[in-house]
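Scroll down for the structure; my scribbles are underneath it.
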2 protein chains.
Amino acid sequence: MTISEENYIKVIYHLSLVSPKGVNTNAIAGMLDTKASSVTDMLKKLSDKELVSYQKYQGVTLTESGFQSAKMIVRKHRLWEVFLVEKLNFAWDEVHEIAEELEHIKSEALINKLDEFLEFPDFDPHGDPIPNANGEIKKVNKLLLSEAALNTEYKCVGVKDSSSDFLKYLDKQKIALGSKIKVKEKESFDDTLLVEIDSRELTLSNKIANNLYVK
Amino acid sequence: MTISEENYIKVIYHLSLVSPKGVNTNAIAGMLDTKASSVTDMLKKLSDKELVSYQKYQGVTLTESGFQSAKMIVRKHRLWEVFLVEKLNFAWDEVHEIAEELEHIKSEALINKLDEFLEFPDFDPHGDPIPNANGEIKKVNKLLLSEAALNTEYKCVGVKDSSSDFLKYLDKQKIALGSKIKVKEKESFDDTLLVEIDSRELTLSNKIANNLYVK
DNA sequence: ATAAATTTTTAGACAAAACTAAAAATAATA
DNA sequence: TATTATTTTTAGTTTTGTCTAAAAATTTAT
């Protein structure tokens, strides 16, 4: 697989978690910052390689083989992110772009040795699960903070939006993965939350609450 | 710079250490396993970018900018090799191919943090010097074992040939970088050496002695 | 249900990096 | 020096992945 093919497979994987019945050409083009016509071309190629099943105008889904490939790319991406944060002391908002490059390094031995070196982490720095060498993914029943029950203690376990802006906001508010969090009040007008985090009180907008996973 | 351009620059760098007055098209083609005509095409492009100075039929040399770029690629390659051996426990004959890929990862921050994580190593696992962030390279007055004086204690500090075959041979003979070595006899007929390594006696062919650096 | 809007595909073109085959320049040899 | 031999370059293709513009299919709206 070329880097370009890998990028398409990865994007189709992520999009099919949201639209499992078929991913649209335009959606792929949007994610890859390319044109729909380029996507069509690539879908034909991926289809020839039996990585996706594709019928004109009907959207695309991953084949079993494409699905496994996608998970291996995601595995690499997330393991490298752990390495960058845990070993090289990058901040969690700095690692995505670098991991986008590292995820295309070919060696299987490399990624398995890296996994071992990192002591087989289950989650990346943003709380996303890391597929193991067999492609198995640990399921976690997390929910969005916006869906959390009142006066119940939760733990922050992940972010939905992992943009630098959002992550820096969390840093500024000293909200990290692992922080204890309890919703004390919910404003019915705009769903603003009054929360207690590690025994500090904070007001969080609905937008924030919609992008923070708790358990 | 594209990966292909980087590979050309790196090869020209290595070849110009041997032929500093100009590197031949065919020599580059040989190293990159490509055709002379492809090399000519690329030399024009690199010349346009002022990474090399190139006159038709006269061979090619790196410009100052090309030279700095080359050293940064070599720096990345060798730092990744240290990482693979020291941290991921790869054998020294397994790391070259993987580092060939890793050397093209773009981030400056990454390589400097990696350097720090590895505690600023001066040499890679084969004894080759690692340029620092400014492109400066530690000089070492090493010599080939074949040129070593009799009955003088040396230390193995590098290999000239870093093929897997040669490195595995050294492993088998328990010769590693850092091993103490003394030439006790030199057979005048074929230059075979009788050496003492870490208090074991060994017979080494001239070919071996011509590919092992000592100090 | 037909028209309008949107999405997707086709057709044709382009740039990068490789190739082959042939021509031109340089180097080696008689 | 003239002739070979070798090296290097040019000219013309190919492949990969992209693009634009236009056509076709699908979806939405009147």
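Each chain gets a letter, A, B and so on, in the order its sequence line appears, and its residues count up from 1. Side chains included, hydrogens not; waters and symmetry mates left out as well; all remaining heavy atoms used.
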Taking only heavy atoms on the protein side, list every residue of residues 20-33 of chain A lying under 4.0 Å from any atom of DNA chain D, sorted numerically.
none

Rounded distance in Å - [atom1] ([X]) to [atom2] ([N]):
{"X": "A:E6", "N": "D:dT16", "atom1": "CD", "atom2": "P", "value": "16 Å"}
{"X": "A:L43", "N": "C:dT8", "atom1": "CG", "atom2": "P", "value": "10 Å"}
{"X": "B:Q55", "N": "D:dT8", "atom1": "CD", "atom2": "P", "value": "15 Å"}
{"X": "A:I3", "N": "C:dA16", "atom1": "CD1", "atom2": "P", "value": "17 Å"}
{"X": "A:K44", "N": "D:dT18", "atom1": "NZ", "atom2": "P", "value": "14 Å"}
{"X": "B:D41", "N": "D:dT10", "atom1": "CG", "atom2": "P", "value": "9 Å"}
{"X": "A:M1", "N": "D:dT16", "atom1": "CE", "atom2": "C1'", "value": "16 Å"}

By the 4.0 Å heavy-atom rule, please label A:S38 as base, sugar-phosphate, or nothing.
base

If you look at every strand shown and take non-hydrogen atoms under 4.0 Å, does B:T40 touch a base, only sugar-phosphate, or nothing?
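Base contact.
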
Would you call B:D115 and B:R75 a salt bridge, taking side-chain N to carboxylate O under 4.0 Å as the test?
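Judged by the 4.0 Å cut-off on N to carboxylate O distance, B:D115 and B:R75 do form a salt bridge.
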
Decide, yes or no, whether a salt bridge links A:K10 with A:E100 under the criterion of side-chain N to carboxylate O below 4.0 Å.
yes

If you count every heavy atom of other residues, nucleotides or ligands that lies below 6.0 Å from A:K106 atom NZ, does the total exceed 12?
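It does: A:K106 NZ has more than 12 such atoms within range.
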
Would you say a side-chain N or O of [X] is under 4.0 Å from OP1 or OP2 of [N]?
{"X": "B:Y54", "N": "D:dT8", "result": "no"}
{"X": "A:Y8", "N": "D:dT16", "result": "no"}
{"X": "A:T2", "N": "D:dT16", "result": "no"}
{"X": "B:K35", "N": "C:dT20", "result": "yes"}
{"X": "A:Q58", "N": "D:dT26", "result": "yes"}
{"X": "B:K56", "N": "C:dA24", "result": "no"}

Among the nucleotides D:dT26, C:dT8, C:dA24, which one has an atom lying closest to any side-chain atom of B:Y57?
C:dA24

Nearest to the side chain of A:S37 - C:dT10, D:dT8, D:dA11?
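Given the options C:dT10, D:dT8, D:dA11, the side chain of A:S37 is closest to C:dT10.
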
Polar contact flag, side-chain donor to acceptor under 3.5 angstrom, A:T63-A:S53:
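Not at all, the side chains of A:T63 and A:S53 share no donor-acceptor pair under 3.5 Å.
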
side-chain contact (heavy atoms from CB on, under 4.5 Å) partner of A:K186, the single match among A:L193, A:N206, A:V195
A:L193

Give the ring-plane orientation class for A:H96 versus A:H77, where under 30° counts as parallel, over 60° as perpendicular and anything between as tilted.
tilted

Intermediate values then yes/no, side chain to side chain contact (heavy atoms under 4.5 Å, CB included), B:T2 and B:Y8
CA-CA 10 Å; B:T2 65; B:Y8 274 90; over 6 Å; no

